[in-house]
Amino acid sequence: MKKVWIIVFGLGYLGLSAQKKWSLKECVSYAVEHNLQVIQNQYNKQNQEYNLKAAQKEYLPSVSASVTNGVSFGQGSLGAGSFRNDRFNNNVGLGADILLYNNGRLEKNVRKAQFDVEASQYDIETIKNDISLQIAQQYLNTLLNKEIVKISQSAVDNAQKQFDRAKITTQVGTTAQTVLAEAEAALAREKQNLKTAEVNVGRALFAIAQLLQLSDYKGFDVEDVNVPEKLDLQLNTVDEVLATAYDIQPQIKAAESRIRSAEAQTEVSKTAFWPTLTANAGLNTFYNRQFDAMPGVVQGTFFEQYKDQFGQNVGVSLNIPIFNKGKTKLQVEQSKINESIAKNTLEQQKQTVRQNVQKAQFDADANYETYLAAVEAEKSSKLALDFADKSYAAGKTTIYDVNVARNNYANARGSVAQAKYNYLFSLKLLNFYAGIPLSL
């Protein structure tokens, strides 16, 4: 019995999950957290962070220990005679060295690594923005298709009423059989349009589920949003939006960080022209034992020799570069080329942002004009449909005229919805570049 209740509650939970409707904010949050491109770039950032830590640790001294053991066999000479010289050797050493001067190479390496970390973080933000915009566009597309479903359902209801009325009038003999046939055909067409609209909703939802990388998309749905019937014209100019976009868009910030990184790398390369001053210190001792020592030769014990042979050393070394086949000069020139590449990349990113903003502004203006025209066309087609219905009821027009008027009205409503959502996306895109978060 316990297992049965577990199954029942489990199925109930699954049912609630399937009925969950996602908001735009939830879609965006989930996508940027689970998207594989975002995760990939987070790994890239971690690598850059490790490079930074490695550069910072270069300030610390390097310490190493060594232990060497060896055995030698052979004859040794002593005056006119010889003797066996079989020996065991043991050497132990501990050394440390630290860089004292190289024209700031360590500091410059750290600064370059910091710029690389910044750029990798901006790369992550860029991908998140791209995904957010894609989801917002598909979200609005879904809302548009849902509105078209409502329009199509209304057209089906009107066609159903027309068919029911034609059926009655045909049965009593006041209208011809062709009137009923045309009403039935019109109803079938509207049902087909409704089914197409419903399929388009499913296709739009599937597109969002793909962006979210959901394994189970069949129960996926989004929240309905009340879009204002009347939309106002965007007042911000392209220059105003661009001024903000250049300051906040992560692809611009990433390119700027990479310019600073390239400049820092040039400074790092130049340090190879300068001398390197290194300090070192060490401790060492050794043990030496002859296997067949001559009589009278005293060999200390292992620890006695370690104590007697214990030594220390401290030193400073200066390495002055004189000629390395011109490699340093070439490396500096290559670094300067990378600076130019990074600066050109920044201009490319600015150009892309500028073109995107200009296109969004053009689309917003064009879609708003289209929206206003579509609203007027909807009003006219609604009046025409009302007139056709009244004329048909009075017997002055045919059912064909009514169907044409109804189709025109449905198309006009669809055009209004299309223009409204196109304008809304253009507006959201402009706001996004202006630093306003995506929302509906």
Side-chain angles (χ1 to χ4, degrees), residues 40-66 68 91 93-126 246 250-284 312-352:
Q40 179 69 34
N41 277 268
Q42 287 173 340
Y43 289 139
N44 292 339
K45 183 192 174 188
Q46 289 178 5
N47 279 332
Q48 296 297 341
E49 289 173 339
Y50 281 121
N51 290 337
L52 173 59
K53 291 179 180 179
Q56 291 170 335
K57 289 182 181 296
E58 287 295 321
Y59 286 103
L60 300 176
S62 297
V63 181
S64 61
S66 64
T68 304
N91 294 275
L94 178 66
D97 62 81
I98 186 170
L99 180 66
L100 298 179
Y101 175 78
N102 189 218
N103 195 34
R105 175 167 59 87
L106 301 184
E107 179 186 352
K108 293 169 183 177
N109 265 324
V110 169
R111 188 161 62 247
K112 178 191 180 302
Q114 289 173 335
F115 292 138
D116 290 337
V117 172
E118 284 182 6
S120 60
Q121 177 60 44
Y122 288 131
D123 287 341
I124 295 174
E125 297 303 319
T126 299
Y246 287 157
Q251 59 268 44
I252 301 292
K253 306 297 286 185
E256 291 173 344
S257 293
R258 288 194 166 92
I259 290 176
R260 291 191 287 269
S261 174
E263 291 171 343
Q265 180 57 53
T266 300
E267 294 302 315
V268 171
S269 300
K270 288 180 179 179
T271 59
F273 287 121
W274 292 78
T276 301
L277 182 64
T278 306
N280 57 78
L283 305 173
N284 62 84
Q312 309 87 37
N313 64 83
V314 178
V316 177
S317 61
L318 180 65
N319 183 6
I320 302 175
I322 298 176
F323 179 70
N324 68 342
K325 305 176 184 179
K327 292 180 180 179
T328 300
K329 183 178 180 181
L330 290 175
Q331 290 172 350
V332 172
E333 293 301 322
Q334 285 179 320
S335 296
K336 290 181 178 179
I337 292 175
N338 289 332
E339 285 184 39
S340 299
I341 292 174
K343 292 176 182 178
N344 186 65
T345 300
L346 173 61
E347 293 306 314
Q348 289 179 344
Q349 293 293 350
K350 286 185 175 181
Q351 183 182 50
T352 300

- Query: Under 3.5 Å, is there a donor-acceptor pair between the side chain of Thr126 and the main chain of Gln251?
  - Reply: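 Such a contact is found between Thr126 side chain and Gln251 backbone.
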- Item | N/O donor-acceptor pair under 3.5 Å between Ser335 side chain and Gln331 backbone |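 Yes; judged by distance alone, with no hydrogens or angles, the pair exists.
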Any side-chain heavy atom of [X] within less than 4.5 Å of one from [Y]?
X	Y	answer
Gln265	Asn338	no
Val316	Leu277	yes
Arg258	Asp123	yes
Glu125	Lys253	no
Val314	Asn280	no
Leu346	Ile252	yes

Which atoms form the tightest heavy-atom contact between [X] and [Y], and what is the distance?
X	Y	result
Glu118	Ser257	OE1-OG, 3.2 Å
Thr271	Arg105	OG1-CD, 3.5 Å
Ala272	Pro321	O-CG, 3.5 Å
Lys336	Thr266	N-OG1, 3.8 Å

- Message: Is there a salt bridge (charged side-chain N to carboxylate O under 4.0 Å, His left out) between Lys45 and Glu49? Walk through the geometry before answering.
- Response: CA-CA 6 Å; Lys45 183 192 174 188; Glu49 289 173 339; 3.6 Å; yes
Residues in side chain to side chain donor-acceptor pair (under 3.5 Å) contact with [X], at least two apart in sequence or another chain:
X	answer
Gln349	none
Thr276	Asn102
Tyr122	none

- Task: Take Glu333 and Lys329 through the test salt bridge (charged side-chain N to carboxylate O under 4.0 Å, His left out) and record every step on the way to the result.
- Result: CA-CA 6 Å; Glu333 293 301 322; Lys329 183 178 180 181; over 6 Å; no
- Between Ser261 and Asp116, do the side chains contain an N or O donor and an N or O acceptor separated by less than 3.5 Å?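 Indeed, the side chains of Ser261 and Asp116 share at least one donor-acceptor pair under 3.5 Å.
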To the closest 0.5 Å, what do you measure between [atom1] ([X]) and [atom2] ([Y])?
X	Y	atom1	atom2	answer
Gln42	Gln40	CD	CD	10.0 Å
Gln334	Ile337	CD	CD1	6.5 Å
Asn41	Asn47	CG	CG	11.0 Å
Ile124	Tyr43	CD1	OH	11.5 Å
Asn91	Ser66	CG	OG	8.0 Å
Lys325	Leu330	NZ	CG	12.5 Å

- Could you give me the CA-CA distance, side-chain angles and deciding distance for Arg111 and Glu267, then say whether salt bridge (charged side-chain N to carboxylate O under 4.0 Å, His left out) is met? CA-CA 10 Å; Arg111 188 161 62 247; Glu267 294 302 315; over 6 Å; no
- Task: Apply the side-chain contact (heavy atoms from CB on, under 4.5 Å) test between Val268 and each candidate in Asn109, Leu106, Asn103, Val332; give the one that qualifies.
- Result: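 Testing Val268 for a side-chain contact (heavy atoms from CB on, under 4.5 Å) against Asn109, Leu106, Asn103, Val332 leaves exactly one candidate, Asn109.
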- Task: Step by step, work out the side chain to side chain contact (heavy atoms under 4.5 Å, CB included) result for Leu94 and Val63.
- Result: CA-CA 7 Å; Leu94 178 66; Val63 181; 4.0 Å; yes
- Item | Crowding at OH, Tyr59 (>12 non-hydrogen neighbours, <6.0 Å) |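 Count over threshold, so yes.
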